Amino acid sequence: MKKKAQNGWKTVDAPLFDLRGTMASGQLFHWEPTEGGGFRGLIDTTEVEVRQEGERLRFRGGSAELLCHYFALDHPLEAIYATFPDDPAMREAVAFGRGLRIVRQPAWECLATFITSAMKQVSHITAMSRALRERFGEPIGHGGFRYPDPARLASADEAALRECGLGFRAPKLLETARWIAEGRVDLEAIRALPDGEAERELCRLPGVGPKIAHCVLLFAYERVKAFPVDVWIARVLLHHYFARKRKKPTLKELHAFGIHHFGPYGGYAQQYLFHHARNLPRSTWAKTG
DNA sequence: TGGCAGGGGTTGA
DNA sequence: TCAACCCCTGCC
């Protein structure tokens, strides 16, 4: 791991890492692209600007350790790929997304962002995240804002959240923020629970169902086997693995298939399939719905 | 320019 | 199992 300061810029080795792909893979919604082809954002409370130069990251703000941890540069990607099922869909997805990593996100920010994501496209999730930060978050550095903590959102009123574009998600986020601020739910305690129990605890929260619980397990609690099934993954699975089935599987059945078929790093497999699917022509999915 | 369909899900009946 | 929930974006 190399580090070298120059005008505040430092570098760190980042072999087999695709920064742009990771940013665009639907797990992060608050990084702003910069003119130099990089990104500016916050890692929890630390303002960071980062860009990729070959197999290295050039960054300012934060430390090499912080970036390595956040971007999960310690995950053994080649070994993870080796656990994936050897089928055409998976091979194509890995070839397309090589270097994509599942980031270690702060739990509250991850949970709150995914509560706002229901029935929304990436561009709008990004807009809601920005609006919430700017309205309720603490300002940091050069125009950046922290994600508002549960206590801050708990003290907001629903109308203010709706003004951030949340629509019917506003009361859900508000209630969940209150539960956490009041100590009725402890996200760090959930982190320590086994997968099944953690999922059940998350699903108690208003606005959290199986899909969002699986996203939090995967993106915040590093449960790399967790397998969120959203409409994109459902499309992929139906298209590649259930095309000949007469009876269309339910979401629950698709989830069970995903957990079983994709192995110990199912969450990684899911992320590669998702990222690949979203970048295929729309006509690919015309028949699968 | 305006109108309309539909979207990365949850929930309650 | 299914409609309702907000509202913004993209498309015609």
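Within every chain, numbering begins at 1; the chains are lettered A, B, ... in the order of the sequence lines, protein sequences first and strands thereafter. Please read these numbers as outputs of a predicted model, since none were measured by experiment.
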[atom1] spacing across the pair [N] / [M], given as an integer number of angstrom:
N	M	atom1	result
dG6(B)	dA3(C)	C1'	15 Å
dA5(B)	dA4(C)	P	15 Å
dC11(C)	dG8(B)	P	13 Å

Going by atom types only, do [X] and [Y] share a side-chain donor-acceptor pair under 3.5 Å?
X	Y	result
His75(A)	Glu222(A)	yes
His214(A)	Asp230(A)	no
Asp87(A)	Tyr241(A)	yes

With a 6.0 Å cut-off on ring centres, are [X] and [Y] close enough?
X	Y	value
Tyr272(A)	Tyr81(A)	yes
Phe257(A)	Phe227(A)	no
Phe114(A)	Phe29(A)	yes
Tyr147(A)	His30(A)	no
Phe71(A)	Phe17(A)	yes

Are any of the side-chain nitrogens in Arg98(A) or Glu78(A) under 4.0 Å away from the carboxylate oxygens of its partner?
yes
I'd like to compare against my own output: the B/S/- annotation of nucleotides 7-13 of chain B with a strict under-4.0 Å heavy-atom distance to protein.
BBBSS--
Which whole-number value in Å describes the distance from Ile115(A) CD1 to dC5(C) C1'?
16 Å
Structure string for DNA chain C in dot-bracket form, Watson-Crick and G-U at under 3.5 Å, | interchain:
|||||.||||||
Contact list please: residues 152-162 of chain A against DNA chain B, heavy atoms, distance less than 4.0 Å, in numerical order.
none
Mark yes or no: Arg204(A) above the aromatic ring of Trp179(A), with NZ or CZ under 6.0 Å from the six-membered ring centre and no more than 45 degrees from the axis.
no
